[in-house]
Amino acid sequence: MNRTADLDRLDQLLADDESGSARVCVIAGTAGVGKTSLAVHWAHRARARFPDGQLYVNLRGYDPGAPISPARALEGFLEALGMPPKAIPLDLDARAAAFRSLLADRRVLVVLDNAATVGQVRPLLPGAGQCLTLITSRSRLSGLVARDGAQRLTLDVFDEPAALELLRGTTAGYRADEAQDIAELARLCARLPLALRVAAERAAARPRVPLGALIDDLRDESSLWDALSSEDDEEADAVRTVFAWSYRALPAEAARLFRLLGLHPTPEFSLHAAAAIAGLPPGPTRRQLDVLVGAHLLAQTASDRYQFHDLLRAYAIDQTTQLDTEEARRAALGRVLDWYLHTADALAEVLGRQWIWRIPPEERNASARPLHFAELSEGTEWFAAERKNLLASVRVASESGRALIAWQLPAVLMPAYTTLSQLEDLFEAGCLGLEAARRSNELRGEALLLVLLGMGCRQSHRRDEAIAHHRGALPLLRRLGDREAEAFVLNLLGLVHLDSHRFDEARLGFQDSVSLCEEIGYAEGARIARSNLGTALLGLGLADEAIALLRGAAEEARQAGNTYSHGNDLADLSLAYLESGRLEEAQRASSTALEIARSIGYAVLEAWVLIRHGRVQQASGQLDEALVSFQRSAVIHRRIGDRGREAEALDAAGTVYAELGREDEAVHFHRQAIATFRAIGDEWQTAVGLHHLASVLNALGENEKARAAWREALPLLAEFHHPKAVTLRAFVERSLSETGERPAPS
């Protein structure tokens, strides 16, 4: 490592500060001086001092491509800390607050590598607590020292003994060289660790070539750089010189691959992506990658994954710009973008969601050699590994004028983004794709991306935006004559209204979807829309009509072998039976739905069914059992990140605690639920939760607090006109009157 004194300094930093405040250390130094190596080595050495783990992100502040934003870095940290993707806020400040909250009682090491500015790192600081943040940067980041009390460790190039030790250690066993030649090689490398390692590897790989001859080559290369460079920067020149010296020794095919890999959308890539960019099968590509790794021109991070140092990537881009034709560069980039597009299409196939857009057979490119996934788990693992590259590919396709890929890639990623709740990626990719489709007058692309953005807005509780996007897609789909897609979007509009408890609007959307599906013979779409229509009718107080639709939809799903839909429809049917007073049938339906959910091992369905099942148990007087169902539902919903349904389960648990005479616990659960309902903008559930809270507070004799909760609920209820809302509003007004308060006219 040759950084003993610097490691000791970091050890001392940890020992000196016992204040309890989060500590920050900036490791500053020139490019290639070994900042990352020092930080990672010390993190490994100090891992026992951070029992709650370590977090690492490469911020790519000096990479030729786009740096990692604070919001992106926080997203990765929050996921690593166990926050489900659906629960991660979209707002930067909210993410930073959640991050600080999660680390408040933990002892974690946070490594922020390759930071360019103070603004890039300040939102990533843990705040008060027992955490330590290591930041590596070519900048001194003086603002962190002045405002945040950061300490700074400035790395210099190796001294001569350390540089000689690194060279001798790498070449030992391969060659024996004169001391003066080794010293001269160290000088030509400016004693920079990155340059020293590349040079040492080349020397070790040519044991029969005298070191003096290699040094002469390096001097010639250095003279060339001196002639071409106008910079007065000995260290930068040394790094470029050593890169060029090592690069020119590569076999022609490996050199070509090195250059073209600089065109990849990010510095990190897989074997198959490298094969695509080279236009070669994976076998020969792996052999060439081995050559590049052996020459220290690439780092291998896993069995089939590789990564550039930012300086080496910049050098590769420079070389391909100089040596490859524009046509060759465009073809290489096109091949890798095609590979991402077609492999994403294979992912869409294995996800198997209804109405997903797939690349038409006539547009599929066999030469892209995409991956195929035998199991869903294979596809989701690939998506997790390639998320950043997929989004970067959309960005690069948009910037390079490849409009077709720029809209098709987010379109085929639609089921992945929505199913796996990657909403930030969805919005960025969707907006880029929409712009590309509109620029090139691609009506289908525009319609698909509007649908995608609408689905993302619904998931993030931005319901007005969701409605606007879906309505914008409908005339485009009608112009295209895609009636199946039109029916699907009508159903989506109904779902947005259903979420908002606007049951009349939801009914119209579902009825239109059913009519169109029946007209065009789209049986599965009609079944789904009829099921949703049944739920809307139940909200309107039409329980008997809802039962007929839900029972029919459940039976159709059973006959079609659609187990998930069968369980979901039975859960909704149980609630319809309950509201019509048919308790035994409600019990059978909810119990069967729960058995189905558990038999297929789908946590999302189980969590939702448990709320329905718990309500049936509560109505049956099985209060302890209902409490278990609601609490289990809340736990699962928290794990999968569905805050709205978690709050619904908590609120339901509060009503059971109230029935059990455990009012203090009821108050606690209702307040938890109300806070979440407010945060996600769910006015109906907020009003219901406030009513539940007020009822418990009133029973406890806390009349003023009860009146305050009812007063807050009343204007929210005035926005809804379905039967339950009318009944509840009347009850709240009566309760306020009975407790001595005259309500305002509604």
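In this text, all values refer to a predicted model and were calculated from it rather than measured experimentally.
Closest approach of I680 to G644, counting heavy atoms only: CD1-CA, 3.6 Å. When all heavy atoms of A597 and L605 are compared, the pair lying nearest together is CB-CG, 3.8 Å. Nearest heavy atoms, A593 versus L570: CB-CB, 3.9 Å. Considering every non-hydrogen atom in both L449 and L434, the closest pair reads CG-N, 3.7 Å. Between R615 and A652, the closest heavy-atom pair is NH1-CB, 4.1 Å. Between S629 and G614, the shortest heavy-atom distance links the atoms CB-CA, 3.9 Å.
Legend: residues meeting side-chain hydrogen bond (donor to acceptor under 3.5 Å, both in side chains) with R645, ordered by chain and number and at least two apart, are absent. Taking E606 as the reference, R598, R632 meet the side-chain hydrogen bond (donor to acceptor under 3.5 Å, both in side chains) condition, with sequence neighbours excluded. Partners of Y577 under the side-chain hydrogen bond (donor to acceptor under 3.5 Å, both in side chains) rule, at least two apart in sequence or in another chain, are R551. Residues passing the ring pair (Phe, Tyr, Trp, His ring centres under 6.0 Å) test with F427: none are found, sequence neighbours excluded. Every residue two or more places apart in sequence or in another chain that forms a side-chain hydrogen bond (donor to acceptor under 3.5 Å, both in side chains) with R678 is listed here: E712.
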- Message: Set out, in order, the CA-CA distance, both residues' side-chain angles and the distance that settles side chain to side chain donor-acceptor pair (under 3.5 Å) for E465 and H469, then state yes or no.
- Response: CA-CA 6 Å; E465 292 175 70; H469 286 312; 5.0 Å; no

- Query: Given the rule in the side chain to side chain donor-acceptor pair (under 3.5 Å) test, do Q618 and Q622 qualify, once you have shown the distances and angles that lead to the verdict?
  - Reply: CA-CA 5 Å; Q618 186 176 7; Q622 300 171 300; over 6 Å; no

- Task: Evaluate the criterion side chain to side chain donor-acceptor pair (under 3.5 Å) for residue pair D651 and H670; output intermediate values, then yes/no.
- Result: CA-CA 5 Å; D651 189 56; H670 289 317; 2.8 Å; yes

- Query: So Q587 and S620, side chain to side chain donor-acceptor pair (under 3.5 Å) or not? Walk me through it.
  - Reply: CA-CA 9 Å; Q587 290 170 333; S620 306; 2.8 Å; yes

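Atoms CG and CG, from L493 and D512 in turn, are 9.5 Å apart once rounded to the nearest 0.5 Å. With values rounded to the nearest 0.5 angstrom, H342 atom NE2 is found 14.0 Å from L347 atom CG. The CD1 atom of I520 lies 5.5 Å from the CD atom of E484; values are rounded to the nearest 0.5 Å. Taken from CD in Q685 to CG in L716, the straight-line distance is 12.0 Å, to the nearest 0.5 Å.
In this structure, the side chains of V489 and E486 stay at 4.5 Å or more apart for every pair of heavy atoms. Contact of the I528 side chain with the N532 side chain is registered, since non-hydrogen atoms from C-beta on lie closer than 4.5 Å. Contact check for Q631 versus F669: side-chain heavy atoms found under the 4.5 Å cut-off. Contact check for Y602 versus T563: no side-chain heavy atoms found under the 4.5 Å cut-off. Residues V609 and S590 fail the side-chain proximity criterion, which asks for heavy atoms closer than 4.5 Å. With a 4.5 Å cut-off on side-chain heavy atoms, Y657 and H668 do not count as touching. A heavy-atom distance below 4.5 Å is found between the side chains of F510 and L498. With a 4.5 Å cut-off on side-chain heavy atoms, S398 and W407 do not count as touching.
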Name the atoms and distances for all side-chain donor-acceptor pairs under 3.5 Å in residues 533-549, with sequence neighbours left out.
unit_1	atom_1	unit_2	atom_2	d
T535	OG1	S531	O	3.4
T535	OG1	D572	OD2	3.4

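Ion pairing between a basic and an acidic side chain is recognised when a charged N comes within 4.0 Å of a carboxylate O; E719 and R729 show no such pairing. We find that R395 and E428 are joined by a salt bridge, their nearest charged nitrogen and carboxylate oxygen being less than 4.0 Å apart. Under the 4.0 Å criterion applied to side-chain N and carboxylate O atoms, R387 and E424 are not assigned as salt-bridge partners. Remark: R502 does not engage E505 in a salt bridge, criterion side-chain N to carboxylate O under 4.0 Å. Looking at E363 and R358, no side-chain N of the basic residue comes within less than 4.0 Å of a carboxylate O on the acidic one, giving no salt bridge. Ion pair E646/R643 not flagged as a salt bridge, since none of the NZ, NE, NH1 or NH2 atoms sits closer than 4.0 Å to an Asp/Glu carboxylate oxygen. For the pair D425 and K388, the salt-bridge criterion is not met [side-chain N within less than 4.0 Å of a carboxylate O].
In terms of modelled atom types and a separation under 3.5 Å, the side chain of R95 and the main chain of L74 share no donor-acceptor contact. Looking only at distances, a side-chain donor or acceptor of H637 sits under 3.5 Å from a matching main-chain atom of S633. Between the S513 side chain and the G509 main chain, no donor and acceptor come within less than 3.5 Å of each other. The main-chain N or O of A571 is found under 3.5 Å from a side-chain atom of S574 such that the two form a donor-acceptor pair. Looking at T380, its side chain does come within 3.5 Å of a backbone N or O of S377 through a donor-acceptor pair. The backbone N or O of M414 sits less than 3.5 Å from a side-chain atom of T418, completing a donor-acceptor pair. No donor-acceptor distance shorter than 3.5 angstrom exists from the side chain of T343 to the backbone of Y340, with no hydrogens or angles considered.
Here the rule is ring-ring contact (aromatic ring centres under 6.0 Å, His included) with W684, and of F677, F720, F503 only F720 fits it. A salt bridge (charged side-chain N to carboxylate O under 4.0 Å, His left out) with D569 holds for exactly one of R527, R530, R558; it is R527.
Around the CD atom of E375, the shell of radius 6.0 Å holds no more than 12 heavy atoms that belong to other residues, nucleotides or ligands. Counted within 6.0 Å of CZ on R364, heavy atoms from surrounding residues, nucleotides or ligands total more than 12; the atom is thus considered enclosed. For D464, the CG atom counts as loosely surrounded, since its 6.0 Å shell holds 12 or fewer non-hydrogen atoms of other residues, nucleotides or ligands.
Ring planes of H722 and H501: tilted class, angle from 30 to 60°.
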